[in-house]
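Below you'll find the structure, written out as structure tokens, and then a few comments.
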Amino acid sequence: MKLPPETIASIRRRLIGWFARHQRVLPWRSEPTAYRVWLSEVMLQQTQVATALPYFERFMRAFPTVRALAGADLDDVLTLWAGLGYYSRARNLHRAATIIAHELGGRFPDTPAGLLALPGVGRYSAGAILSIAFNQPAPIVDGNVTRVLSRLFALRGDPRSPAGLRRLWSLAEQLVDPRRPGDFNQAMMELGAMVCTPATPSCGKCPVAKLCRALALGQPERFPPARRRSPVRAERWAVAVLRSDAEVLLVRREAAGRWGGLREFPGLVVPASQSAIAALRAMLRERLALRNVRLSPVGQVRHQLSHRDMTVEVFTAAIPSRIEPSSDARWVAPADLSSLAISRLTHKIARAALGA
DNA sequence: AAGGCGGGGGA
DNA sequence: TCCCCAGCCTT
């Protein structure tokens with residue numbers, strides 16, 4: 001779809017004017033260095049601004065430069081990331097920092113290929129960094145831009161299909177203002193976040209309402225078409241909170257997969273057909289070489305995770321002597337749990353087993 | 001091309 | 001409840 005020059009000019013002028021008046025004050029906007037923009041973009045992947053904000057401030061205090069981040073232990077990076085989710089982002093961030101610090105002389109890549117070579121940087125994040133930090137006319141397409149463009153041009157069809165993505169990226173490329181690419185791209189996203197919202201858009205406040213084909217059709221909220229939802233699956237877990245000398249035992253999850261690299265109470269997924277306590281005892285014996293642990297039920301913890309509905313059966317046991325069951329296990333005081341790289345679910349389990 | 005990956009916010 | 005969020009990576 002080739003846009004008429006006057007349409008492009010009008011959209012640019014209206015969006016940039018609106019953005020100048022209505023943009024939120026955000027820490028990565030006041031000082032858009034490549035490092036700050038990169039960090040913010042990674043944190044904002046599938047994450048709302050309000051959620052990422054406090055994490056960004058803490059992160060910048062702890063690791064003010066890419067070299068500081070590269071020199072940090074991954075475990076400390078994961079600790080600061082704990083609770084934000086999608087933990088591969090933190091692992092990729094740390095890996096990319098070491099690449100920038102050690103292979104690129106501390107200089108951020110300023111080309112599409114250079115940025116795309118960094119782990120955790122895809123087409124969107126590369127475009128955001130190029131346009132916002134380096135003032136280059138690179139397009140971006142995220143969830144906000146997808147919604148705004150789908151409505152502006154009343155796009156039919158699945159925006160996530162290959163054809164839909166090609167069309168969106170083509171439109172974004174035509175529209176991005178080469179004079180102010182960073183402001184234009186951020187204006188598109190800001191509009192999607194603040195005005196052109198998913199359920200009930202505020203079309204009365206929209207600077208491009210006059211041009212909006214979906215609004216002209218009378219049903220802007222019908223665009224883009226709703227995505228089909230994957231079925232919710234139930235998952236049953238058993239977890240043991242082992243105590244000794246007022247400390248509890250944590251193990252570390254493997255680096256890949258869900259909650260990769262985080263610490264947790266020893267536990268496992270239990271098939272519906274199996275006894276939770278039997279599965280737990282077998283796991284403690286095989287993995288931690290713990291025999292004859294007297295497990296007492298504490299109760300159940302429920303946790304919702306994406307399209308998963310988890311039920312955790314929590315047990316506790318006192319271990320008389322302070323044995324070290326294996327190398328990846330660690331005893332910690334309950335008061336220190338908040339300063340470790342553990343998931344929200346592990347916090348919930350701790351509350352259930354140890355009290356507030 | 002499809003799924004997996006966390007957790008929170010809003011309707 | 002259900003959908004969505006400044007997406008990316010693996011299979």
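If you check the side chains of A/Thr311 and A/Arg302, you find a donor sitting under 3.5 Å from an acceptor. Side-chain contact of A/Thr7 with A/Ser10: a donor-acceptor pair under 3.5 Å is absent, judged by distance alone. Using modelled atom types, one finds no donor on one side chain facing an acceptor on the other under 3.5 Å when comparing A/Arg89 with A/Gln45.
Listed for the A/Thr47 side chain is a donor-acceptor partner under 3.5 Å among the backbone atoms of A/Met43. With A/Ser161 contributing its side chain and A/Gly164 its backbone, the two residues share a donor-acceptor pair below 3.5 Å. A/Arg167 contributes no side-chain N or O that, together with a main-chain N or O of A/Met1, makes up a donor-acceptor pair within less than 3.5 Å. Put simply, the side chain of A/Ser170 never gets that close to the backbone of A/Arg166: no donor and acceptor are under 3.5 Å apart.
DNA chain C is contacted by A/Leu26, A/Trp28, A/Arg29 of residues 25-33 of chain A, taking any non-hydrogen atom closer than 4.0 Å. Taking a 4.0 Å limit (strictly below) on heavy-atom distances, residues 144-162 of chain A reaches DNA chain C at A/Asn144, A/Arg147.
On the P atoms, C/dT10 is 14 Å away from B/dG6, given to the nearest whole Å. Taking atom C1' in both C/dC4 and B/dC5, one finds a spacing of 15 Å when rounded to whole Å. Spacing of P atoms, B/dG9 relative to C/dC8, comes out at 23 Å, to the nearest Å.
Seen from the ring of A/Tyr55, A/Arg58 counts as a face-on cation partner, given the 6.0 Å and 45° thresholds.
Here A/Arg281 contributes atom CZ and A/Leu290 contributes atom CG; the two are 11.0 Å apart, rounded to the nearest 0.5 Å.
Consecutive Watson-Crick or G-U pairing (both distances under 3.5 Å) extending over three or more pairs maps onto DNA chain B as B:1-5 with C:7-11, B:7-11 with C:1-5.
Atom pair A/Met43:CE and B/dG6:P shows a separation of 16 Å (rounding to whole Å applied). Going from atom CZ of A/Arg227 over to atom C1' of B/dA1 covers 15 Å, rounded to whole Å. Atom C1' of nucleotide B/dG6 and atom CG of A/Leu93 are separated by 17 Å, given to the nearest angstrom. Atom C1' of nucleotide C/dG7 and atom CH2 of A/Trp169 are separated by 10 Å, given to the nearest angstrom. A/Arg91 places its CZ atom 19 Å from the P atom of C/dG7, with the value rounded to the nearest Å. Whole-Å rounding puts the A/Glu264 CD to B/dG6 P distance at 12 Å. Remark: C1' of C/dC9 and CZ of A/Arg123 are 16 Å apart, rounded to the nearest angstrom. One can place OH of A/Tyr124 at 9 Å from P of C/dA6, the figure rounded to the nearest angstrom.
Nearest-nucleotide positions on DNA chain B for A/Ser88 and A/Ala199 put A/Ser88 closer to the 5' end. For the pair A/Arg95 and A/Ser40, both in contact range of DNA chain C, the more 5′-proximal nearest nucleotide belongs to A/Ser40.
Cluster partners of A/Leu116, using a side-chain heavy-atom cutoff of under 4.5 Å among ILVMFWY residues and allowing indirect links: none.
By the side chain to side chain donor-acceptor pair (under 3.5 Å) test, A/Glu264 is found to be paired with A/Arg253, residues two or more places apart in sequence or in another chain being considered.
OP1 or OP2 of B/dG4 sits under 4.0 Å from a side-chain N or O of A/Arg233. The side chain of A/Arg308 places an N or O atom within less than 4.0 Å of a non-bridging phosphate oxygen (OP1 or OP2) of B/dC5.
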All N/O contacts under 3.5 Å from nucleotides 7-10 of chain B to the protein, with atom names and distances to one decimal?
residue : atom : partner  : partner atom : Å
B/dG7   : OP1  : A/Tyr87  : OH           : 3.0
B/dG7   : OP1  : A/Arg344 : N            : 3.0
B/dG7   : OP2  : A/Trp259 : NE1          : 3.2
B/dG7   : OP2  : A/His303 : NE2          : 3.3
B/dG7   : O3'  : A/Arg344 : NE           : 3.3
B/dG8   : OP1  : A/Arg344 : NE           : 2.6
B/dG8   : OP1  : A/Arg344 : NH2          : 3.2

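With respect to the salt-bridge test (charged N to carboxylate O, under 4.0 angstrom), the residues A/Arg330 and A/Glu247 do not qualify. A salt bridge links A/Asp75 with A/Arg252: the closest approach of a Lys/Arg side-chain nitrogen to an acidic carboxylate oxygen falls below 4.0 angstrom.
The hydrophobic clustering, which links ILVMFWY residues whose side-chain heavy atoms are closer than 4.5 Å, places A/Phe223 and A/Met189 apart.
Comparing C/dG7, C/dA6, B/dC5 against the side chain of A/Leu44 picks out C/dA6 as the nearest. For A/Ala226, counting side-chain heavy atoms from C-beta on, the closest listed nucleotide (C/dA6, B/dG6, C/dC4) is C/dC4.
Nucleic acid contact class of A/Ser125 (heavy atoms, under 4.0 Å, all strands): sugar-phosphate only.
Ring planes of A/Tyr35 and A/Trp38: tilted class, angle from 30 to 60°.
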